[in-house]
Number of protein chains: 2
Amino acid sequence: MVQAKSDLFNADLNERAMLFKALAHPARLRILQFLAESESCITGDISDELPLSRTTVNQHIKELKEIGLIQGQIDGVRTKYCLCKDKVEELKVALQEFIDNLDINNYKCK
Amino acid sequence: MVQAKSDLFNADLNERAMLFKALAHPARLRILQFLAESESCITGDISDELPLSRTTVNQHIKELKEIGLIQGQIDGVRTKYCLCKDKVEELKVALQEFIDNLDINNYKCK
DNA sequence: TTTATTTGACGCAAATATACGTCAAATATT
DNA sequence: AATATTTGACGTATATTTGCGTCAAATAAA
């Protein structure tokens, strides 16, 4: 990258793009789905659920954790993960805003 | 990639991830925004709007076109772009579904 | 204490994404 | 006809993502 990436676009746009990027892989979507459904949310259980190595799954978990969508709680040698309520709410608002912005009748080409 | 990517996850998950990926760059979000607001939607006008070279913008436009969110209409030497109504509606439904799936009270960690 | 589990950090290779210059084709303008 | 504009295809360089094996640390089990 030649230029400072973060300066090229406004902050809102950058942040929204990052949110979408966090959701842009089926493994990460599956992890979120699993956490939304599951009773237990141990790292190992999540790995077992996905057709990827534990290491790779761990990396996806890390990404979701870094963006704040999930959180981990150490429980002995294990780590329990779950959806982070606040961030999920934030995500919902962002998605709704995005949808609303596209809600126009400006389809000039058709 | 060692394995066949498309077989690892179910089709819905893959397709949704692809949609999110299309939205995972500020330039592409800006293009959608611009098309939603703009009267004119000529390729050149879009490039002028973004802090990237025309070539790069063109590439982002191509991605959005390939996933079906926008469509182009040749008008002499120019090309007019606009949001593709049907796909935008589809996107809205997908986002809403995604939101609904996360709408749980299963926050075990907190 | 010794051995087994579970986890995350680290490093590496391959695949993709991003950014951009150049070029040729098509159309407009002169 | 000659020149200018607009566009997309192509090639290329760099950055990032993805996937995974190995390893050490922490805890649990024997």
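Quick note on labels: first sequence line is chain A, next is B, and so on, each numbered from 1.
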Q | Greater than 12 external heavy atoms within 6.0 Å of A:Glu63's CD | A |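 Atom CD in A:Glu63 is packed in, count exceeds 12.
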Q. Taking atom CD of A:Glu49 as the centre, does the number of heavy atoms from other residues, nucleotides or ligands within less than 6.0 Å exceed 12?
A.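 Yes, enclosed.
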Q.
Before you tell me yes or no, could you show the steps for A:Leu50 and A:Thr56 under side-chain contact (heavy atoms from CB on, under 4.5 Å), namely the whole-Å CA-CA distance, both residues' side-chain angles and the distance that decides it to 0.1 Å?
A. CA-CA 10 Å; A:Leu50 300 197; A:Thr56 302; over 6 Å; no
(Q) Quick check: on DNA chain D, is the nucleotide nearest A:Thr55 upstream (toward 5') of the one nearest B:Lys62, or the reverse? Name the residue that is more 5'. (A)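 Of the two residues, B:Lys62 wins.
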Q.
Test your reading of the model: is there a side-chain donor-acceptor pair from B:Arg54 to the backbone of B:Ser47, 3.5 Å cut-off?
A.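 Side chain of B:Arg54 to backbone of B:Ser47, a donor-acceptor pair under 3.5 Å: no, none is there.
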Can you measure [X] atom [atom1] to [N] atom [atom2] for me and round it to whole angstrom units?
X: A:Phe20; N: D:dT16; atom1: CZ; atom2: P; result: 22 Å
X: B:Asp75; N: C:dT27; atom1: CG; atom2: P; result: 11 Å
X: B:Ile46; N: D:dT6; atom1: CD1; atom2: P; result: 14 Å
X: B:Leu29; N: C:dT18; atom1: CG; atom2: C1'; result: 15 Å
X: A:Ile61; N: C:dT7; atom1: CD1; atom2: P; result: 9 Å
X: B:Asp48; N: D:dT6; atom1: CG; atom2: P; result: 9 Å
X: B:Asn58; N: C:dA17; atom1: CG; atom2: C1'; result: 16 Å
X: B:Leu8; N: C:dA15; atom1: CG; atom2: P; result: 14 Å

Looking for any heavy atom pair under 4.0 Å, which part of the strands does [X] touch: base, sugar-phosphate only, or nothing?
X: A:Ile74; value: nothing
X: B:Glu63; value: sugar-phosphate
X: A:Thr43; value: sugar-phosphate
X: B:Thr79; value: sugar-phosphate

Q. Side chain of B:His25: nearest nucleotide among C:dT18, D:dT5, D:dG19?
A.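 Looking only at heavy atoms from C-beta outward on B:His25, the closest nucleotide is C:dT18.
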Q: Measure from the side-chain heavy atoms of B:Gln59 and tell me the nearest of D:dT7, C:dC20, C:dA9.
A: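 Of the candidates, C:dC20 comes closest.
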Below 4.0 Å: OP1/OP2 of [N] and any side-chain N or O of [X]:
X: B:Tyr81; N: D:dT7; answer: no
X: A:Arg78; N: D:dA26; answer: no
X: B:His60; N: C:dA17; answer: no
X: A:Thr56; N: D:dT18; answer: no
X: A:Lys21; N: D:dT17; answer: yes

Q: Can you label the angle between the A:His25 ring and the A:His60 ring as parallel, tilted or perpendicular, going by 30° and 60°?
A: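 It falls in the tilted class, 30° to 60°.
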Q) Between atom CG of A:Leu19 and atom CG of A:Asn14, what is the distance when rounded to the nearest 0.5 Å? A)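 The CG atom of A:Asn14 is 11.5 Å from CG of A:Leu19, to the nearest 0.5 Å.
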Q.
At less than 3.5 Å, do the side-chain atoms of A:Arg54 and the base atoms of D:dG19 form a donor-acceptor pair?
A.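 By the distance-only test, no, there is no pair.
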